[in-house]
Amino acid sequence: MMNGHDQSETILEVKNLKKFFPIRRGFLQRVVGEVRAVDDVSFTIKRGETLSLVGESGCGKTTTSRCIMRALTPTEGDVLFRLESGETFNMATQPKRQLRGLRRHIQMIFQDPFSSLNPRMTLFDIIGEPLLVNGVKSHDERTDRVSELLTLVGLRPEHMQRFPHAFSGGQRQRVGIARALALNPSLIVADEPVSALDVSVQAQILNLMLDLQDQLGLTYLFVAHDLSVVKHISDRVAVMYVGKIVEVAETKKLFDFPKHPYTEALLSAVPKPDPRLRSERIVLEGDVADPANPPSGCYFHPRCPYVIDRCKAETPPLREVEGGQLVACHRAEELTLKGVSVN
Amino acid sequence: MSNEQHEVILSVNNLKTYFFQDEGTVKAVDGASFEVYKGRTLGIVGESGCGKSVTARSILRLEEKPGRIVDGEITLLREDNSTIELTALKQNSRDLRAIRGSDIALIFQEPMTSFSAHYTIGNQIIEMIRLHQNVTKREAKDLTIELLRRVGIPKPERRIDEYPFQLSGGLRQRVMIAMALANNPRILIADEPTTALDVTTQAQILDLLRQLQEDTGMSVILITHDMGVVAEMCDDVVVMYLGRVVETGPVDDIFHNPQHPYTRSLLTSIPSVLAEPRTKLPTLTGAIPHPYNRPQGCAFHPRCSEFMPGKCDHFTPHLQALDASGIQHVSCFLHHEPVAESAEHIS
Amino acid sequence: MLAFFIRRILLGIVTVWAISVISFIVIQLPPGDFVDAYIAQIASTGGVVATETADQLRSQYGIDQPLPVQYVKWMSRILRGDLGVSLEFRVPVREVIGDRIWLTMAVSFGAILVTWGLALPIGIYSAVKQYSIGDYVATFIGFIGLAIPNFLLALILMYFGFKWFDLNVGGLFSAEYRIAPWSWAKVWDLIKHLPLPVLILGLGGTAQLIRIMRANLLDELHKPYVITARAKGLSETRVIMKYPVRAALNPFASTMGYLIPFVVSGSIIVATVLSLPTIGPTLLRALIAQDMFLAGAIILLLGVLTVIGTILSDLLLMWIDPRIRLEQH
Amino acid sequence: MTETISSPTGLPAEAGATTPAVVDEVLLSEERIAVASQRQLIWWRFRKHRLAVISGVIIILFYLVAIFANFLAYADPTLTEAQRSFMPPQPIHLFDNGTFRPHVLGVEGARDPQTFKRVYVENPEDIRPLRLFAHGYSYKFLGLFKTDIHLIGVDGAAAEESLFLLGTDQLGRDMFSRLMIATRISMSVGLVGVVLSLVLGVTLGGLSGLYGGVVDIVIQRLIEIIRSIPTIPLWMGLAAALPREWSVVQVYFAITIIISLIGWTDLARVVRGRFLSLRSEDFVLAAELAGAGTMRILFRHMVPSFLSHIIAAMTLALPAMIISETALSFLGLGLRPPAISWGVLLQGGQNIQAIANAPWLLIVAIPVIIAILAFNFLGDGLRDAADPYGR
């Protein structure tokens with residue numbers, strides 16, 4: 001399901017990405033520790049595919065996406081972004097000035113359709129801004145492009161003089177998408193783009209994103225906590241737990257045959273919209289580990305039902321197991337875990 | 001819903017809660033009717049603005065100004081088999097307060113803001129116990145520790161002296177549940193109890209609620225927007241749209257034999273983990289109108305795929321039994337013809 | 001908590017230092033130095049100061065030295081308790097100030113009590129009965145209170161006191177106690193005279209605080225925890241007094257830190273109008289007579305007392321709020 | 001780390017149905033609102049605040065008085081005349097023998113032989129009709145050209161000798177005329193002071209909010225220190241230290257600076273707060289990611305978002321400035337005669353004897369109170385309207 005694109009071409013490679021936030025305490029605001037928000041994360045995205053980054057709150061998925069956008073500067077690691085021309089840039093170390101030119105290729109869709117649009121600007125100004133600051137000075141040219149974009153995302157071009165307050169949450173999200181598309185980016189980072197919307201509107205936006213991807217050959221990094229949404233949009237899924245990636249796999253494989261106990265628990269915890277499927281669930285004990293003070297070995301071991309002594313001592317690396325799945329679990333091969341397949 | 005099988009413990013009939021504002025009246029709940037059965041879980045499901053939370057609060061008469069119950073009856077069956085009409089009581093009257101927290105308890109979506117940050121959790125639970133039970137402080141404290149243990153709080157004797165902000169979200173919601181259970185309520189209203197929680201924590205809390213219901217035999221009203229939670233937890237379901245009940249019935253019928261177009265689209269247009277990856281969903285067009293701009297006739301008609309011009313936009317459908325069994329009720333002209341009296345709703 | 005404490009104390013020390021610098025600037029600003037002023041003072045009463053005496057005075061006070069040195073000397077004398085000599089009265093500043101500082105504190109403290117005592121209940125009432133007639137009345141009076149600067153209020157009250165009751169409002173003591181030594185009778189006389197100045201002084205801050213309390217409480221009244229409390233079955237009075245009022249008290253109490261400087265400042269002007277034997281009129285007189293040692297000492301003293309009061313109220317606040325008390329920031 | 005899960009609407013379920021934000025949404029269908037700019041929304045919202053609108057009109061009137069002070073004054077405000085000391089306000093008679101002919105009566109002064117106080121008696125025969133646009137003392141209109149036309153005057157006599165609408169002070173100066181001139185000075189002291197504190201507040205608050213870190217900490221501590229200092233004694237000290245030989249203009253600006261030195265802290269806090277909250281807004285990040293430069297983000301996105309808040313904060317800061325000037329001058333430490341301000345005028349009524357003899361000296365308090373009230377109401381109205389999208 002690669003949408004007809006060259007499967008081998010990598011558009012983004014994240015290597016050993018780390019982002020630690022210092023914890024300051026006391027009168028002198030001394031650094032007494034650090035929150036390991038992103039703790040050695042590596043993955044790749046191929047041109048034209050959708051990779052979802054999924055996990056519970058505080059797992060570091062948003063921080064990862066912000067580091068890729070360079071809205072945050074990573075503590076360590078590389079974010080290699082490859083242009084269509086084949087040139088590769090490291091977003092993590094790019095000087096601020098060159099960053100501006102690069103950013104037109106990576107754009108973002110935000111979670112909150114209210115705070116992401118400046119209430120004091122019309123749709124024309126909002127969607128036209130990326131054009132204006134990237135050299136499209138002609139007003140007519142921008143008008144044409146904005147109306148084209150509005151049509152593309154399913155809004156009426158004649159509404160471009162309206163202010164955001166005239167639109168519903170779903171419509172505002174469409175405006176946000178139009179803005180992200182203005183500069184013809186190749187990679188779009190979507191940070192929980194539907195989680196602030198009403199459930200009946202979520203599908204509209206997901207469908208739009210799927211259509212746009214087919215039409216424009218976009219690549220998505222889709223950050224979400226909602227596994228149902230993730231299943232609808234992704235080609236591949238990366239599961240994060242306490243700043244680390246624990247499993248990466250193709251969507252169907254991950255949902256049907258998870259290899260990491262955390263993925264299994266996560267899938268099992270999602271309520272299934274069918275009363276006939278009520279079954280015994282795997283309910284994890286305790287709370288998510290504190291990223292400021294993570295447990296030894298595998299961060300998941302205190303809650304893992306399959307824990308062995310080795311898990312407490314040794315941090316499992318993310319490694320490839322059969323079928324190309326990447327898993328960070330010592331027992332990946334021996335365990336048979338349960339997915340959510342209907343049959 | 002067959003009335004012979006299950007005993008009705010709470011019945012809500014034609015409840016209307018309006019918010020009177022300078023700009024006009026918001027009909028947050030506009031004629032909701034349903035019944036809660038003993039020992040069963042009723043799910044009230046709907047999207048934002050459908051009036052489910054206002055309904056929940058109206059049952060305990062916690063509607064706040066400028067909101068007011070303008071019509072309807074809420075009848076509660078008490079422990080001694082007498083019935084009491086809650087809408088007839090004065091808000092915050094002694095009789096009503098005796099029911100709150102004792103017969104009917106409430107838990108909220110956001111366990112952080114639902115507790116006061118200025119008192120320990122012990123203080124807040126002990127207060128609840130001593131309000132309805134004649135016990136000493138010491139006994140209340142012991143009861144509290146027992147309650148905390150029952151909802152799975154580790155080291156309850158220590159936690160009792162902690163403040164809500166010292167607990168994680170999941171623990172806080174457990175404490176909230178412990179407090180709600182303090183006086184063995186016969187009805188527990190849970191308003192989006194897991195919406196603010198992560199999915200694994202949600203699973204813990206849902207499990208806890210189910211287990212507690214088994215132990216105590218209480219009835220639960222579970223308010224949620226998540227069809228998955230409804231499917232996992234509920235026995236009966238009420239589907240609401242813009243302040244009205246569009247369909248009610250046992251959970252299996254609602255999911256496998258939905259009759260109202262809104263219920264159907266809720267089930268088909270919502271992302272599900274069971275779907276094939278990267279498949280497009282059928283969508284509901286448009287957005288939910290504000291209750292202020294409620295469409296005439298059936299409020300759902302502008303988004304309805306089976307809209308019948310001249311009918312749905314002119315007459316207001318009423319909740320009626322689908323068939324003679326009286327198990328499933330639906331409010332849609334696909335299933336019954338408009339009657340003349342509903343024309344009066346058009347102004 | 002400890003870090004807070006240390007930071008607060010350090011900030012207080014820096015504040016006191018800043019005040020001392022400004023006081024010193026105030027002393028230094030007028031043209032000519034203190035000895036010139038002294039000579040002029042003596043001359044105005046017909047005396048003559050010998051040049052040697054003048055030079056001696058200059059070197060004694062270090063006036064011939066650079067300003068920073070002078071500042072250090074001035075500060076070190078003050079730290080030893082020597083506030084200098086009043087030019088006008090030709091007695092040590094300490095004697096001029098005398099009881100006045102205590103009376104100033106009594107009046108200010110009383111004013112704060114009045115402010116709290118009125119603002120708290122009225123603010124609560126106003127918020128709970130939002131848009132009621134009582135709320136409108138309270139809001140209206142609050143606005144009037146805000147709009148009338150307290151010295152004007154003093155003037156107006158003085159006029160009406162005179163016109164209607166033929167009452168000479170003013171002073172803190174009856175004639176017979178004015179210069180009498182302290183006794184229980186004198187204290188009682190003081191207590192009898194305190195209410196009016198205290199009330200006048202308190203009202204200005206009250207209006208502000210009512211508005212703050214009302215706004216805070218309105219914010220809190222619709223929070224979920226209030227509904228939780230109601231859902232428990234608590235009576236409305238208990239719901240409100242135990243929960244939202246408690247929460248609204250925090251920001252309310254934190255205004256106390258700013259109330260103290262406000263009251264101390266206001267007391268100077270009010271005291272002048274009402275001719276109270278507090279430090280205000282003395283300061284004014286010293287300033288007008290350019291008796292800068294006296295003025296500088298008073299400004300410094302008032303500043304220090306205020307800072308101490310502010311620190312104490314802040315520490316109290318920290319201790320009250322469990323979120324600050326328990327988190328080790 | 002903003003990975004919180006919110007309810008589908010971002011609002012606490014339906015409780016949000018009662019908030020203004022949602023009510024705004026109600027009117028979505030109206031085209032007029034859909035294309036309304038922020039300024040229009042603010043104006044619509046402000047218009048609803050009746051008291052604030054009235055206050056706005058009152059303040060405009062005050063400033064008109066300030067601009068046309070000399071035109072409105074009919075007597076030379078500095079003209080002293082011992083023969084007219086402490087004259088009470090004089091009533092205007094509207095009818096003369098049944099015909100409408102506004103006039104005042106001539107007043108004769110005499111000394112009470114017992115109390116030695118001057119008493120004034122109206123002479124009912126001595127009718128002095130009022131007229132509009134009469135000639136009086138000469139002045140420069142708006143500082144542009146010389147004229148001697150005044151709004152009112154008296155037919156056939158000098159206004160100085162006939163008109164005492166608000167009485168006279170000890171030196172026989174006409175209080176009404178003095179009040180007009182005082183309004184000019186007092187209202188402008190506030191304005192200049194606010195502009196000065198705005199410059200300080202926006203600069204320091206902006207730096208604090210924009211850069212954060214050490215800059216922020218230093219500025220925050222500075223503000224905290226200034227706020228915990230009792231300001232009036234310090235002002236008094238600084239004001240008293242102003243050289244005696246300074247001219248009225250020099251003192252005027254010195255006092256303005258002293259007052260604004262204290263007043264900027266509130267504005268700085270407002271600006272900093274807005275900056276901080278705006279910096280975390282997604283639309284600011286979106287602009288940054290789109291490639292917008294710092295200047296564009298600052299002036300296209302951030303400044304417009306808090307301009308209205310600043311105007312409201314300024315309006316609320318004005319009365320404090322006016323009170324400060326009045327208080328200082330009242331104590332004899334601020335503006336000094338021959339300057340005329342509200343505080344200077346009130347100084348005449350500082351002691352009980354003066355008030356007892358000439359209570360009309362306190363009339364000055366009325367415009368002071370009205371101006372302060374009006375600024376407060378206007379500021380409140382502006383503050384409420386400043387964020388038309390509600391929160």
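Values below: every heavy atom of this structure, side chains too, minus hydrogens, waters and symmetry copies. Labels below follow one simple rule: chain letters A, B, ... track the order of the sequence lines, proteins then strands, and each chain is numbered from 1.
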[X] portion near chain A, given a 4.5 angstrom heavy-atom threshold:
X	result
B:Ile254	neither
B:Thr285	backbone
B:Arg210	side chain

> By a 4.5 Å heavy-atom criterion (distance strictly below it), what part of A:Gln204 contacts chain B: side chain, backbone, both, or neither?
Replying inline: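 Contact with chain B: backbone and side chain both.
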
> Of the backbone (N, CA, C, O) and the side chain (C-beta and beyond), which part of A:Asp287 lies under 4.5 Å from a heavy atom of chain B, both, or neither?
Replying inline: side chain

Closer than 3.5 angstrom, by distance alone: can the side chain of [X] be matched with the main-chain N or O of [Y] as a donor-acceptor pair?
X	Y	value
A:Lys231	B:Val273	yes
B:Glu232	A:Lys272	yes
B:Asp198	A:Ser57	yes
A:His232	B:Ser272	yes
B:Gln202	A:Ala269	no

Side chain to side chain, [X] and [Y], heavy atoms closer than 4.5 Å:
X	Y	answer
A:Leu206	B:Lys280	no
A:Arg303	B:Thr200	yes
A:Leu277	B:Leu274	yes
A:Glu56	B:Val199	yes
A:Ser200	B:Arg303	yes
B:Ile270	A:Pro273	no
B:Val251	A:Arg278	yes
B:Met233	A:Pro271	no

> Do you know the tightest heavy-atom contact between A:Ser228 and B:Pro271?
Replying inline: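 Where A:Ser228 meets B:Pro271 most closely, the heavy atoms are CB-O, 3.4 Å.
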
> So, for B:Glu47 and A:Asp198, which heavy atoms are closest and what is the spacing to 0.1 Å?
Replying inline: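 Residues B:Glu47 and A:Asp198, closest heavy atoms: OE2-CB, 3.6 Å.
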
> Got a salt bridge between B:Glu276 and A:Lys252, using NZ or NE/NH1/NH2 to carboxylate O under 4.0 Å?
Replying inline: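 Salt bridge between B:Glu276 and A:Lys252, a charged N being under 4.0 Å from a carboxylate O: yes.
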
To the nearest 0.5 Å, what is the distance between [atom1] ([X]) and [atom2] ([Y])?
X	Y	atom1	atom2	answer
B:Arg278	A:Asp214	CZ	CG	6.5 Å
A:Asp290	B:Ser168	CG	OG	11.0 Å
B:Thr283	A:Ile205	OG1	CD1	10.0 Å

> Does a donor on one side chain and an acceptor on the other come within less than 3.5 Å for A:Asp274 and B:His256?
Replying inline: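 There is such a pair (donor and acceptor under 3.5 Å, judged by atom type) between the side chains of A:Asp274 and B:His256.
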
>> A quick test of your reading: do over 12 heavy atoms of other residues, nucleotides or ligands sit less than 6.0 Å from CD of B:Glu306?
In response: yes

Between [options], which has the largest tally of heavy atom pairs under 4.5 Å with chain B?
options	answer
A:Arg276, A:Gln202, A:Glu285	A:Arg276
A:Ala265, A:Ala203, A:Ser268	A:Ala203
A:Leu210, A:Leu267, A:Val201	A:Leu210

